[in-house]
Amino acid sequence: MRVLAVSPHLDDAAFSVGGTLAALAAAGHEVTVVTCFTASVPDPEGFALACQLDKGLPADVDYLALRRAEDAAAMAVLGARPVYLGLPEAPHRGYTSAADLFAGVHPGDDVERSLTAALDGYDADLWLAPQALGGHVDHRQVLRAVAPLDRPVLWWRDSPYVLRDPAAVPGPELPDGLAEVRLPQDLDRRADACACYPTQLGFQFGGVEPMRTALAGLPEVLLAGARAREVVADLAR
């Protein structure tokens, strides 16, 4: 079976659904993770530059190249093939602060059109994508792009946002008629994959060991529509 996970950033799939992806890969399924916002931008300025400086990285470092290398290592641990769409992250699309990232999609930010066009060219038996818990604009744009494609999607709970707010609600574009499903999960392999993102672990979790502790208590609960539930049922046969 071909499995396609659509990750906003270079870590979201691993943090949120890495255990499920690892178990699917170990069972012999072909797992691909398409990460959307992966473009290197020369000479970043303003908030975009601050996003790497506050992680201890100097201004002349290609931050996204470093993150792509981290992600490639994480995907190898999960047994997944990485694909990078090369679209710019929100700080390079006019979002000017951390608060702005969670204040809704800017009227002129139509990146979901590029996302929808790119993703429509992929064919897979089962898709996975974020519910956009927490409301990060890049997660919202991925949700907005995937939802209209009418694919069999398992919608994941965005981590670490669900850890910070277990009552967080999905983005309004999430389809109706969904039900919870759980697939086999290799949570130890998820943690090992997440340890491959050192640029993010201090900021998101406080370090490697706090990450392992936090994620150990976070099962991957997915939401599925009728088509995805049928695919999942076939896995058990």
Side-chain angles (χ1 to χ4, degrees), residues 3-17 20-21 32-39 41 47-48 51 64 71 82-162 164-165 167-181 220-229 231:
V3 178
L4 182 73
V6 185
S7 184
H9 302 117
L10 295 155
D11 60 19
D12 287 318
F15 287 162
S16 302
V17 76
T20 300
L21 296 178
T32 299
V33 176
V34 174
T35 306
C36 302
F37 302 110
T38 62
V41 177
F47 178 52
C51 288
L64 268 296
D71 186 73
V83 174
Y84 306 129
L85 292 186
L87 295 167
E89 292 186 303
H92 299 293
R93 302 198 314 273
Y95 294 83
T96 58
S97 68
D100 200 16
L101 294 177
F102 299 92
V105 176
H106 286 186
D109 182 13
D110 61 355
V111 74
E112 82 273 8
R113 296 184 183 180
S114 298
L115 277 173
T116 300
L119 294 172
D120 198 31
Y122 285 89
D123 187 20
D125 303 297
L126 183 65
W127 290 52
L128 297 93
Q131 298 177 30
L133 299 181
H136 190 295
V137 64
D138 284 343
H139 295 228
R140 285 281 309 278
Q141 292 289 48
V142 171
L143 171 57
R144 291 171 66 166
V146 174
L149 292 177
D150 191 29
R151 300 296 202 274
V153 182
L154 299 177
W155 301 96
W156 73 62
R157 300 188 302 171
D158 307 60
S159 174
Y161 300 111
V162 70
R164 298 169 186 164
D165 181 9
V169 298
E173 300 83 4
L174 191 71
D176 296 326
L178 303 178
E180 287 190 359
V181 299
E220 295 171 2
V221 181
L222 307 166
L223 296 180
R227 291 178 61 195
R229 291 198 298 272
V231 174

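Throughout, numbering of the chain's residues begins at 1 and tracks the sequence.
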*Within 6.0 angstrom of R164 CZ, more than 12 heavy atoms from elsewhere*: yes
*Keeping the roles fixed (side chain from S7, backbone from V34), state whether a donor-acceptor pair exists under 3.5 Å.*
no
*Does the R140 side chain pair with the main chain of A132, one donor and one acceptor, at a distance under 3.5 Å?*
no
_With a 4.5 Å cut-off on side-chain heavy atoms, are D100 and F47 touching?_
no
*Within a strict 4.5 Å, meaning less than it, do heavy atoms of the L87 and S114 side chains meet?*
yes
*Set of salt bridge (charged side-chain N to carboxylate O under 4.0 Å, His left out) partners for D123, sequence neighbours left out*: R2
*Test the R151-Y122 pair against the cation-pi criterion, namely NZ or CZ under 6.0 angstrom from the six-membered ring centroid and within 45° of the ring axis.*
no
*Over all heavy atoms of both residues, which pair between L133 and A168 is shortest? Give the atoms and the distance, please.*
CD2-O, 3.4 Å
_Minimum-distance pair of heavy atoms, taken over all atoms of V3 and A124_ = C-CB, 4.5 Å
_Nearest atoms (heavy-atom pairs only) where L101 meets A90_ = CD2-CB, 3.6 Å
*Is there a donor-acceptor pair closer than 3.5 Å between any side-chain N or O of Y95 and the backbone N or O of A103?*
no
*Of all heavy-atom pairs between D158 and Q131, which one has the smallest distance, and what is that distance?*
OD1-N, 3.3 Å
*Indicate yes or no: at least one non-hydrogen side-chain atom of V142 is less than 4.5 angstrom from one of L119.*
no
_Do V6 and L115 have side chains that approach each other closer than 4.5 Å (heavy atoms only, starting at C-beta)?_
no
_Please find the pair of heavy atoms, one from D71 and one from P82, that lie closest to each other, and give the distance._
OD2-CB, 4.0 Å
*In chain order, what residues pass the side chain to side chain contact (heavy atoms under 4.5 Å, CB included) check against V181, with sequence neighbours excluded?*
L154, L222, A224, R229
*Is a side-chain N or O of D109 found less than 3.5 angstrom from the main chain of V105, in a donor-acceptor match?*
no
*asked:* If I take atom CD from residue Q141 and atom SG from residue C36, how far apart are they, to the nearest 0.5 angstrom?
replied: 10.5 Å
*asked:* For a side chain to side chain contact (heavy atoms under 4.5 Å, CB included) check, start with the C-alpha distance between R93 and D138, then their side-chain angles and the critical distance, and finish with the verdict.
replied: CA-CA 10 Å; R93 302 198 314 273; D138 284 343; 2.8 Å; yes
*Can you list the steps and then say if E112 with E173 is a side chain to side chain contact (heavy atoms under 4.5 Å, CB included)?*
CA-CA 12 Å; E112 82 273 8; E173 300 83 4; over 6 Å; no
*asked:* Donor-acceptor check, side chain of S16 to backbone of S159, threshold 3.5 angstrom: yes or no?
replied: yes
*Test item: R227 side-chain N/O and D150 main-chain N/O as donor-acceptor pair under 3.5 Å*: yes
*Classify the ring geometry between H136 and H9 as parallel (under 30°), tilted (30 to 60°) or perpendicular (over 60°).*
perpendicular
*V83 vs L4, side chain to side chain contact (heavy atoms under 4.5 Å, CB included): CA-CA, chis, key distance, verdict*: CA-CA 10 Å; V83 174; L4 182 73; over 6 Å; no
*What heavy-atom pair brings L143 and W155 nearest, and what distance separates the two atoms?*
CD1-CZ3, 3.4 Å
